[in-house]
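Comments concern the structure below.
Start at 1 with the first residue, then count along the sequence.
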Amino acid sequence: MRNWLVGIRCFPITICALLITPTLAMAQNTPLAITGTLLTPQEIIPNGTVVLQNGKILAAGAHVELPQGTTTVRTDGIIAPGLIDLHNHLTWNVFPRWKPIQEFGNRYDWQQKPVYNVLMDVPHSELVSEGLECEMERYAEVKAISEGETSVVGGMYAPCDQGLARNLDYDPEFGGGLGEIIYSVFPLTMSQFDVARAISVLNAKPRGSLLIHVGEGSPQDASAAREFPEVEERGLLKSGVSFIHGVALTPQNFAAMAKSGVGFIWSPRSNIELYGNTANVAAAQAANVVMALAPDWSPTGSDGLLGELNYASVWNQTQPTPPFTERELVMMATSNAAALVALQDFIGTLAANHVADLIVIRDTGKAHSKDAYWSLTHATPEDVELVMIGGVATYGNPELMRQISNNSPTETLKVCGSDKSISFASEKPEKHAFAETESMLDQALREMGRKLAPLAECGD
Ligand SMILES: [Zn+2]
C-alpha cells in the first residue's frame, strides 16, 4: 500500500503538487486505441490509430482492427514514437544555462577553466557528496520526459533506477538477451581492459553498442582532429560504435565510418555554443553515415530532444543547401537512434510488437501549411500533450492523462505556464513529491551561489 499524502503543496519554483489517493498507474491490460495523425519514419498517416495493450503496440495504421473491449481516446494531435536521446549527461541538467564569454578550441580547454570549476564542476561534486545524485537524476529525467523523450542514456546507473524514462545504458527494461549498450565519454582514457570488454560486447550476438565522444572541438582544432586516428588505432572503428560530436571529423573520416558501420550522434547546439561551429553533417549525409540527434546537456545544449530538433531544423534551414528534410531530422531522434543501438525492433517507430513508447503533440503545422514532421521539429514543451512509456501514461495534459490512466495518482507541473500532469507510479523505489526534489536541489544550489535550472526555457 502506498502512503500518499492528500492535498496540494506549492513550492516557489515551478510546481504545485496534487497528491491523490493511490490507484497504481500500470500499462493498460485492456486494449487502448489512441487516434490522431500518425508519424512513422516512412510516412504521415492522417486519421490513424495506435492500439496498445500490456505495454506493447498491437497495431498502428489508417485501418486497424480494434480488439473487443478497446477503449478509444481521440486526439487532434500528432502521435509519434517517443524520442530517443543517445547523448546526455543527465545530472548536469540541474544547472541553468552556461553562457561562456569565449569560444573554446576543444573540450579539454573549457574543462580546465576556473569559470567551469566555479559554476559547474565544484557545485556538481558538492551535490553528489551531499547524497543528492538520485534527486539530480530524477529532476533530469522529468526534464527529458517533458521534452518528449522516452529513452535516455547518461544517467547515474543502477542505484538511481527510477523507472521513469527508459535508461538504455543500464536498464532498458526489455528483458534479457539484448546487446549491452556502453556509454563512454572519453574513449582515449579507457583502460585496455575496458577496450577489450567493449570489443567483446560489439562482437557479441546480439550485437552490443558503444557510444563515445570523438573529435569534440572546433573543426580547426588539432587535438580534436587527432582523436579519430587514435580511436581507430584502439580498434574502435567497428560496427556498433557511434561517435558523438565529431566536429573535427573530415569527409574522409565520415567515409571511413560509413564503410565500417560506425554511426554518428549530432549535437549542434552545444557544438556551436562552445566551439562556434558544428560537425560537417552534409559530408556525413553524403557518406551515408547513419545519424542520430541528441541534446548533450542543457547547460550549453538543449533542454531535451524537442529543443534540439528545433535547433537542428533552424540550423538546417540557414544552410545554403539544407542537408536534411524535416522527416530526416525526426528519424534522427527516433528510428535512426534506435538502429544505432540495435533496438529498432523495440523502439523508435510506431509498429506492432514495439513497446508502447509514444508521444502526442499539438499539431501546430496546419496553421502554417506545414506537415506533421515540421510540427514535431517545431514543437515546444507546451505542445507535448502525452508521453507514454511502456504503455504507461507518464506525462501530459491533465485531461488526456485522466482519460487514459483512470485518475491514477499524478502531480501537476507548471511548464512554461501550462499545467502538465506527471505520474511517478512506475518509479522504484517510491519517493517523495517531485516538489521536494526541486526544493532540495534548489536549496543546495543556492548555498553555492547557484540556483536550479527551470524544467524548460520557455522561449528565453
Ligand atoms: Zn557529451
For the residue pair [X] and [Y], categorise the inter-ring angle as parallel (less than 30°), tilted (30 to 60°) or perpendicular (more than 60°).
{"X": "W266", "Y": "W315", "answer": "perpendicular"}
{"X": "W98", "Y": "Y116", "answer": "tilted"}
{"X": "H89", "Y": "H87", "answer": "perpendicular"}

Under a 4.0 Å threshold between the charged nitrogen and the carboxylate oxygen, would [Y] count as salt-bridged to [X]?
{"X": "E43", "Y": "R327", "result": "no"}
{"X": "E385", "Y": "R362", "result": "no"}
{"X": "R166", "Y": "E149", "result": "no"}
{"X": "D442", "Y": "K451", "result": "no"}
{"X": "R269", "Y": "E273", "result": "yes"}
{"X": "D303", "Y": "K143", "result": "yes"}

*Tell me, with the steps shown, if Y275 and E216 meet side chain to side chain donor-acceptor pair (under 3.5 Å).*
CA-CA 9 Å; Y275 311 114; E216 183 185 355; 2.7 Å; yes
How about [X] and [Y]: does a side-chain donor come under 3.5 Å of a side-chain acceptor?
{"X": "S313", "Y": "N316", "answer": "no"}
{"X": "E137", "Y": "T91", "answer": "no"}
{"X": "T250", "Y": "N253", "answer": "yes"}
{"X": "N310", "Y": "H378", "answer": "no"}
{"X": "N167", "Y": "E141", "answer": "yes"}
{"X": "D296", "Y": "S267", "answer": "no"}
{"X": "N106", "Y": "D109", "answer": "no"}
{"X": "S335", "Y": "T349", "answer": "no"}
{"X": "E133", "Y": "H124", "answer": "no"}

_Looking only at the aromatic ring of each residue, does the gap between the centers of F434 and Y139 stay below 6.0 angstrom?_
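Yes; F434 has its ring centre under 6.0 Å from that of Y139.
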*Taking all heavy atoms of Y108 and all of L188, pick out the closest pair and write down the distance.*
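Closest approach of Y108 to L188, heavy atoms only: OH-CD1, 4.3 Å.
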_Verdict with reasoning, F264 to F243, per ring pair (Phe, Tyr, Trp, His ring centres under 6.0 Å)_ = CA-CA 5 Å; F264 181 61; F243 289 177; 8.2 Å; no
*side chain to side chain donor-acceptor pair (under 3.5 Å) between T394 and S423: does it pass, once the steps are laid out?*
CA-CA 5 Å; T394 301; S423 167; over 6 Å; no
*Going from CD1 on I182 to CG on D169, what distance comes out if it is rounded to the nearest 0.5 angstrom?*
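Reported value, rounded in 0.5 Å steps: 10.5 Å.
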*Supply the atom-to-atom distance I44 CD1 to I78 CD1, rounded to the nearest 0.5 angstrom.*
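Rounded to the nearest 0.5 Å, the CD1-CD1 separation comes to 7.5 Å.
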*Is atom CZ of R197 surrounded by more than 12 heavy atoms (other residues, nucleotides or ligands) closer than 6.0 Å?*
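No, not enclosed.
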*So is R138 actually on top of F424's ring, under 6.0 Å and inside 45° of the axis?*
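Yes, a cation-pi geometry holds between R138 and F424.
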_Quick check: do Q319 and P323 have side-chain heavy atoms less than 4.5 Å from each other?_
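When only atoms from C-beta onward are counted, P323 and Q319 do touch, with a gap below 4.5 Å.
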*Is there a side-chain contact between I244 and L211 (heavy atoms, below 4.5 Å)?*
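I244 reaches L211 side chain to side chain.
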